[in-house]
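All remarks here apply to the structure that follows.
What you are looking at is a predicted structure, and each value in this text was computed from that prediction instead of being measured.
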Amino acid sequence: MDSSTLLHVFAMATLVAVKVVAPMLLSAVVIGLAVSLFQALTQINEATLAFIPKVVVMVVVLWLLLPWMVRELVTFTVQAFAMAAEASR
């Protein structure tokens, strides 16, 4: 496997990792901002008020998007192994 192929596989891996993780991170950021705004407006400073909604939303997002995430990871894995097999010939 030459260096350009290896670089391409690492670039694909990085892109897939960002695509798979982005929905959960974005949902956590949005919920965190919403809870922070709510806490600032009501002057309620409770740590669990910020933690519980994030966990619930991330579990829901994971439950909804898990088939897509697995499909993306399997597609990448198949492509990476195909490229490795092609390069070893």
Side-chain angles (χ1 to χ4, degrees):
M1 184 178 285
D2 62 340
S3 63
S4 65
T5 305
L6 194 59
L7 210 57
H8 181 65
V9 170
F10 282 134
M12 284 180 13
T14 304
L15 182 64
V16 168
V18 169
K19 279 175 39 177
V20 167
V21 172
M24 292 184 65
L25 287 177
L26 289 175
S27 64
V29 167
V30 168
I31 292 301
L33 288 173
V35 169
S36 296
L37 181 63
F38 175 76
Q39 285 180 330
L41 292 175
T42 60
Q43 296 181 353
I44 299 173
N45 291 324
E46 180 64 33
T48 57
L49 185 63
F51 180 71
I52 302 288
K54 283 184 196 175
V55 171
V56 170
V57 168
M58 289 183 71
V59 167
V60 169
V61 168
L62 182 64
W63 180 70
L64 290 173
L65 295 180
L66 191 62
W68 171 77
M69 291 176 177
V70 170
R71 196 167 42 250
E72 287 289 321
L73 291 172
V74 167
T75 302
F76 164 73
T77 305
V78 168
Q79 288 175 351
F81 280 126
M83 291 176 76
E86 179 88 18
S88 67
R89 291 182 186 177

Got a list of side-chain donor-acceptor pairs under 3.5 Å for residues 21-49, not counting sequence neighbours?
residue: Ser27; atom: OG; partner: Pro23; partner atom: O; Å: 3.1
residue: Ser27; atom: OG; partner: Met24; partner atom: O; Å: 2.8
residue: Ser36; atom: OG; partner: Gly32; partner atom: O; Å: 2.8
residue: Gln39; atom: NE2; partner: Glu46; partner atom: O; Å: 2.9
residue: Thr42; atom: OG1; partner: Phe38; partner atom: O; Å: 2.8
residue: Glu46; atom: OE2; partner: Thr48; partner atom: OG1; Å: 3.3

Which atom pairs, one a donor and one an acceptor, fall under 3.5 Å between side chains of residues 6-20 and the rest of the protein, sequence neighbours left out?
residue: Thr14; atom: OG1; partner: Phe10; partner atom: O; Å: 2.9
residue: Lys19; atom: NZ; partner: Glu72; partner atom: OE1; Å: 3.0

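Under the salt bridge (Lys or Arg N to Asp or Glu O under 4.0 Å) criterion, Lys54 pairs with no residue, sequence neighbours left out.
Under the 4.5 Å side-chain heavy-atom criterion for ILVMFWY residues, a single connected hydrophobic cluster contains both Leu66 and Leu73.
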